[in-house]
Amino acid sequence: MRGKRSLNLLIELISQIPEKSVSLIGYSLGVRVIYYGLAYCSESPKIINNTILLGGAVRRNKEWGIRASILAGKLVNVYNSQDEVLNIHFKIGELYLKSPCGLKPIKDAHPRIINVDATSAIATSDHAEKHYLRVLPETVGRSLWL
């Protein structure tokens, strides 16, 4: 019960704002909050429009297509294949068996999922959010209005 309660907090947070639709942006472990929270967002009276993942620390072979089908808009995965934290620490934590969506494209083929390779735009192996936020307007903006 505790796990479902903590995941349900995303819906409670969303329900507290007056807007009828929201878009979500998650960075690194915040992408985990979005991934697991979207499982409960189908119960929300709010419309979840777009979701943007920046350097996500969630395996890219998870059920992203199911999560994307909940959205009214698109799920944009911005990844950096040179991200040192994800290349080393995430893989160690996952026993070298999986790679995160912050390093490579999400595997699910879904019309609402767009993978954006921002490696050259980020131009560093540093995992700091400032690098992902710097490329956000152009890389994500272009993807949302394709």
Side-chain angles (χ1 to χ4, degrees), residues 1-17 19-122 125 127-129 131-133 135-146:
M1 180 65 179
R2 184 177 177 189
K4 183 174 181 177
R5 173 75 180 127
S6 60
L7 292 175
N8 227 1
L9 289 175
L10 179 62
I11 298 197
E12 289 181 32
L13 176 65
I14 291 170
S15 69
Q16 298 300 314
I17 58 175
E19 288 74 17
K20 293 181 182 180
S21 72
V22 297
S23 290
L24 304 172
I25 298 176
Y27 162 73
S28 194
L29 290 172
V31 172
R32 284 186 182 267
V33 173
I34 289 174
Y35 178 82
Y36 291 106
L38 283 176
Y40 296 98
C41 282
S42 60
E43 303 168 12
S44 173
K46 305 282 180 167
I47 296 170
I48 309 298
N49 195 17
N50 298 304
T51 298
I52 301 166
L53 315 175
L54 303 171
V58 177
R59 291 191 320 242
R60 65 193 191 102
N61 65 345
K62 295 284 249 177
E63 296 176 330
W64 285 106
I66 293 171
R67 299 311 194 264
S69 64
I70 294 167
L71 305 175
K74 297 176 184 176
L75 185 147
V76 180
N77 176 43
V78 179
Y79 65 94
N80 173 8
S81 62
Q82 301 302 312
D83 189 310
E84 193 170 278
V85 168
L86 295 175
N87 263 316
I88 297 170
H89 299 291
F90 182 88
K91 288 183 176 181
I92 289 171
E94 295 288 323
L95 303 173
Y96 288 97
L97 299 175
K98 310 292 180 199
S99 65
C101 64
L103 281 179
K104 296 181 181 176
I106 289 173
K107 287 188 171 186
D108 278 359
H110 191 282
R112 291 190 183 146
I113 295 176
I114 297 171
N115 290 292
V116 176
D117 184 353
T119 305
S120 62
I122 291 174
S125 61
H127 184 67
E129 70 272 8
H131 304 301
Y132 288 91
L133 292 173
V135 301
L136 183 68
E138 183 180 340
T139 58
V140 174
R142 188 173 356 112
S143 298
L144 289 177
W145 289 280
L146 287 175

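If you're wondering where the values come from, they're calculated on a predicted model, not measured in any experiment.
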Exercise for the section: Decide yes or no on side chain to side chain contact (heavy atoms under 4.5 Å, CB included) for V22 and N49, but give the supporting numbers first. Expected result: CA-CA 6 Å; V22 297; N49 195 17; over 6 Å; no
Exercise for the section: Identify the heavy atoms of E63 and D108 that sit nearest to each other, and give their distance. Expected result: C-OD2, 3.6 Å
Problem - With N80 via side-chain hydrogen bond (donor to acceptor under 3.5 Å, both in side chains) - residues at least two apart - result: none
Problem - All side-chain contact (heavy atoms from CB on, under 4.5 Å) counterparts of I34, not counting sequence neighbours - result: L24, L38, T51, L53
Exercise for the section: Can you see which heavy atom on A57 is nearest to which on L29, and at what distance? Expected result: CB-CD2, 3.9 Å
Practice task
State which residues pass salt bridge (Lys or Arg N to Asp or Glu O under 4.0 Å) with E138; sequence neighbours excluded, sorted by chain then number.
Solution key: R142
Exercise for the section: Mark yes or no for whether S23, through its side chain, and N50, through its backbone, hold a donor-acceptor pair below 3.5 Å. Expected result: yes
Completion exercise
All heavy atoms of G56 vs all of P100, minimum pair found to be O-CB, 3.3 Å
Problem - Nearest heavy atoms of N87 and Q82, plus distance in Å - result: ND2-C, 3.8 Å
Handout entry: D117: side-chain hydrogen bond (donor to acceptor under 3.5 Å, both in side chains) partners, not counting sequence neighbours
Key = T119
Fill in the blank from the handout: Contacts of R60 meeting side-chain hydrogen bond (donor to acceptor under 3.5 Å, both in side chains) (sequence neighbours excluded), chain-then-number -> S99
Contacts under 3.5 angstrom, residues 64-73 side chains, donor-acceptor by atom type, not counting sequence neighbours:
residue, atom, partner, partner atom, Å
W64, NE1, R59, O, 3.1
R67, NE, Y35, O, 2.7
S69, OG, I66, O, 2.6

Exercise for the section: With sequence neighbours excluded, tell me which residues meet side-chain contact (heavy atoms from CB on, under 4.5 Å) with N115. Expected result: N77, Y79, P105, I106, I113
Completion exercise
dist I122:CD1 -> D83:CG (nearest 0.5 Å) comes out at 7.5 Å
Exercise for the section: Nearest 0.5 Å please: distance from the OG atom of S21 over to the CD1 atom of I14. Expected result: 10.5 Å
Handout entry: Flag side-chain contact, heavy atom, 4.5 Å: R112 against L75
Key = no
Completion exercise
Rounded to the nearest 0.5 Å, the NE2 atom of H127 sits from the OG atom of S28 at a distance of 3.0 Å
Handout entry: Qualifying residues under side-chain hydrogen bond (donor to acceptor under 3.5 Å, both in side chains), relative to H131, sequence neighbours excluded
Key = D126
Practice task
Report yes if some heavy atom in the side chain of L54 is under 4.5 Å from a heavy atom in the side chain of V31; otherwise report no.
Solution key: no
Problem - Nearest non-hydrogen partners of A118 and V78, listed with the distance - result: CB-CG1, 3.6 Å
Completion exercise
Sequence neighbours excluded, the answer for ring pair (Phe, Tyr, Trp, His ring centres under 6.0 Å) partners of Y132 is Y27
